[in-house]
**Q** 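Attaching a single structure in structure tokens format; questions to follow.
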Amino acid sequence: MTITLPDGKAMTFMRGVTGAEIAAAIGPGLAKAALILEVDGKQWDLFRPIEHDAKIRVITKKDPEALELIRHDMAHVLAMAVQELFPGTQVTIGPAIEDGFYYDFARATPFTPEDLPRIEEKMREIIKRDLPTRREVWPRDKAVAHFKGIGELYKAELIESIPAGEDVSIYWHGDWHDLCRGPHFASTGKIGDAFKLTKIAGAYWRGDARNAQLQRIYGTAWRDQKELDEYLKRIEEAEKRDHRKLGKELDLFHMQEEAAGQVFWHPKGHALYRTLEAYARRKFQRHDYVEVKTPLLMDHKFWQQSGHWDWYREHMFAVEIEGEDKLLALKPMNCPGHVQIFKQGMRSYRELPIRMSEFGSCSRYEPSGALHGLMRVRGFTQDDAHIFMAPEQMTDEAVHASRLIFEVYKELGFDSVDVKLSTRPEKRIGTDEVWDKAEADLADACTKMGVPYKLNPGEGAFYGPKLEFTLYDAIGRAWQCGTVQVDFNLPGRLGAEYVAEDGSRQRPAMLHRAVLGSMERFIGVLIEHYAGAFPVWLAPVQAKIIPISEKANAYAESVKRALSEVSIPDTGGGLRVEVDGANERMQKKIRDAQLQKIPYMLVVGEREAAEGKVAVRLRSGKDLGAMALETFIKRIRDEAESRKDVAE
RNA sequence: GCCGGCUUAGCUCAGCUGGUAGAGCACCUGAUUUGUAAUCAGGGGGUCACAGGUUCGAGUCCUGUAGCCGGCACCA
């Protein structure tokens, strides 16, 4: 039997040879390092016999696949440990995930945080025992009967969903066994012990809230201690950027119990908000949008007509007014309002497309468990727009909207953006023909732009498919923000029409589109992206003037007035500067400004006052020395206008 | 909404097995008038999330409610 190695070298072995034997034949180093074999492109246990000629590759810790394999094995060890410590606990599933693994258990009493160290210790012990792995193939029905017999009802259910007549593989580690597709390392000792259990959580069986809730334990696992340490460090760094923490430290906003899920923007946070809004407003204007404002509170009939009432009633705030037979609803989105504006007067095809934008305040009664700082709130502002058009304009308008999104992200410093096309969900309105066209229009738009996209089947809105735009922040985390949604359904339901070229009345098509998504959430993303050290154009305080002693206070104020007069186009006003007139030493004021991550500190003493200068210090600590106020103004204005993010 | 955890001064946090609350920073007052990351001294400030209960006595124990945190489910 011939075994071909990756370098093309062929070796001859007896039938039934195992990966371990092949690795040993190649060399003792490889025999030791080998974890899993790849046989004709399929992963194969080292101890599993090979019956045909094959091309093989030996996978070791160094290979990219190793992490996933380690994590999968680790999940098994976790399950073993839990079953040893807590007899009667049922196992369910336990996959490898990004950065780690988890395992879901069925158990009457939930785990407590104190259990984790015990389980971890047991896992290390199991790894140390170096239990050999064995693979068996059972007929499906035998496996079902077996797992039912030992009280593993979830496992039995899993196997029952495999077609009858098929065989399943069972893996043994010592005398513990589990249904598993494999592959697994030859023994538990091969896994290494660079892991840590991180959290416990409830999770629904098969991801469905109607099912029983299981107890999930999460862990992280790596090739070695160094990688594990790096990962833990990374988590720590991410925590430092948490927008909730920075929001407090930088005095940007707060939230409180009496208005759960809603934001109190403080002056500094609101400066961010206004700046971003002014930028977006100007950008939309340049892309031929018209801006409107619609009522917050409207008769709920609009949402009955649109269909939202049926879908989302329990997530809407509704108000009954005493003595009036009306049910009003706080708007959860802006489309019905925009359609009302469209419906005023007779619309001609000549006016189309109409691109109607609004910074629309929306309220949604989000489930309590979903709330998360600025990222998921009950009161938020969409940078929303609805584009009304003739149906045949759809592809062009989708391109137009998508280009705007790419442009804005790029200008805001997000260079890598992913696009997903979410298609018809099971629960939806509209005919299949309409959905066919809607999905095709979005796909065409991507093709036209030359933008690759991933398909996200079944994830569209109930009224139409959507493109979703995901950007990546400074530490590589993904944030889904922008969206472009085709809608051939709502305009009809809400009674919108226009007069076509031939004089007939036609239904307009509509595109829902948001670039930033929610202002609140996007600001949250910006806070985390910049770790609170905003580029000058966004910084709530762009320069802090620091008088060295009281003698320089008057000059400091005059510098502030001069800077406040400097207007920055497209960002909504003059430079934002403050004087620190406290009776403190300069060092202390510098420290305070530094901790507030203010980009420029302007130190002024009697020397600067006499010469009309400012001594410029950057938040990096770099001292630029004294320069004429005019020179500094030119510098900061250029920086703000270009929206540069200066790293130094 | 579901599972688990948490909630002590404006902020960050201490407070052992129940005996009646403490630090640093911030704030206020005074002194100091300062050259690139914390000047010194003094002072004020807490219904220990809320509501019940156990107890001679509860920040500490029990129950409920709310909010927050970590997940899950949801996300027009």
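The figures here come from the full heavy-atom set of this structure, side chains too, leaving out hydrogens, waters and symmetry mates. Lettering follows sequence order; numbering is per chain, from 1.
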**Q** Determine the interatomic distance between C1' on B/U17 and the same-named atom on B/G42; round to the nearest Å.
**A** 39 Å
**Q** Measuring to OP1 and OP2 of B/U36, would you say a side-chain N or O of A/Arg617 lies under 4.0 angstrom away?
**A** no
**Q** Applying the Watson-Crick and G-U wobble criteria at under 3.5 Å, what pairs with B/C48? Answer none if nothing qualifies.
**A** none
**Q** Heavy atom of residues 592-605 of chain A under 4.0 Å from RNA chain B: which residues?
**A** A/Gln594, A/Leu595, A/Val603, A/Gly605
**Q** Using the test side-chain contact (heavy atoms from CB on, under 4.5 Å), find all partners of A/Arg493 that sit at least two apart in sequence or belong to another chain.
**A** A/Ile429, A/Leu490
**Q** Over how many whole Å does the gap from A/Phe253 atom CZ to B/G10 atom C1' extend?
**A** 17 Å
**Q** Would you mind listing every salt bridge (Lys or Arg N to Asp or Glu O under 4.0 Å) that reaches into residues 329-338 of chain A, with sequence neighbours excluded?
**A** A/Lys331-A/Glu358
**Q** Filter on salt bridge (Lys or Arg N to Asp or Glu O under 4.0 Å), then keep only pairs touching residues 102-111 of chain A, sequence neighbours left out; what's left?
**A** A/Asp104-A/Arg216
**Q** Can you sort out the partners of A/Asp384 under side chain to side chain donor-acceptor pair (under 3.5 Å), two or more places apart, ordered by chain and number?
**A** A/Asn334
**Q** Per the atom types in the model, does the base of B/G1 pair as donor or acceptor with the side chain of A/Glu314 at under 3.5 Å?
**A** no
**Q** Less than 3.5 Å between a donor and an acceptor, one on the side chain of A/Glu550 and one on the base of B/U33, is that the case here?
**A** yes
**Q** Could you check whether A/Arg513 makes a cation-pi contact with A/Phe284, meaning its NZ or CZ is under 6.0 Å from the centre of the six-membered ring and within 45° of the ring axis?
**A** yes
**Q** Going by the rule side chain to side chain donor-acceptor pair (under 3.5 Å), which residues pair with A/Arg71 if we only count those two or more places apart in sequence or in a different chain?
**A** none
**Q** Any cation-pi pair here, A/Arg364 with A/Phe380, using under 6.0 Å and within 45°?
**A** no
**Q** B/G4, OP1 or OP2 - any side-chain N/O from A/Thr112 closer than 4.0 Å?
**A** no
**Q** Summarise protein proximity over nucleotides 70-76 of chain B in one line of letters, 5' to 3': B for base, S for sugar-phosphate only, - for none, counting protein heavy atoms closer than 4.0 Å.
**A** BBBBBBB
**Q** Could you check which nucleotide pairs with B/G70 in any of the strands shown, counting Watson-Crick or G-U wobble with both distances under 3.5 Å?
**A** B/C3
**Q** Rounding to an integer number of angstrom, what distance separates B/U65 and B/U29 when you compare their C1' atoms?
**A** 43 Å
**Q** Quick one: A/Asp580 CG to B/A37 P, roughly how many Å, whole number?
**A** 15 Å
**Q** Below 3.5 Å between N/O atoms, which protein atoms pair up with nucleotides 12-15 of chain B? Just atom names and distances, please.
**A**
unit_1, atom_1, unit_2, atom_2, d
B/U12, OP1, A/Lys248, NZ, 3.1

**Q** By the salt bridge (Lys or Arg N to Asp or Glu O under 4.0 Å) test, which pairs, at least two apart or in different chains, include something from residues 544-556 of chain A?
**A** A/Lys544-A/Glu578
**Q** What string of B, S and - do you get for nucleotides 40-50 of chain B 5' to 3' if you count protein non-hydrogen atoms under 4.0 Å?
**A** -----------
**Q** What distance, rounded to whole Å, do you find between the two C1' atoms, one in B/G15 and one in B/G70?
**A** 26 Å
**Q** Not counting sequence neighbours, which residues clear ring pair (Phe, Tyr, Trp, His ring centres under 6.0 Å) with A/Phe462? List them please.
**A** A/His308, A/Trp311
**Q** Quote, to the nearest angstrom, the P distance that separates B/G24 from B/G64.
**A** 39 Å
**Q** Which residue pairs pass the salt bridge (Lys or Arg N to Asp or Glu O under 4.0 Å) test with at least one member in residues 591-610 of chain A, sequence neighbours excluded?
**A** A/Lys588-A/Asp592
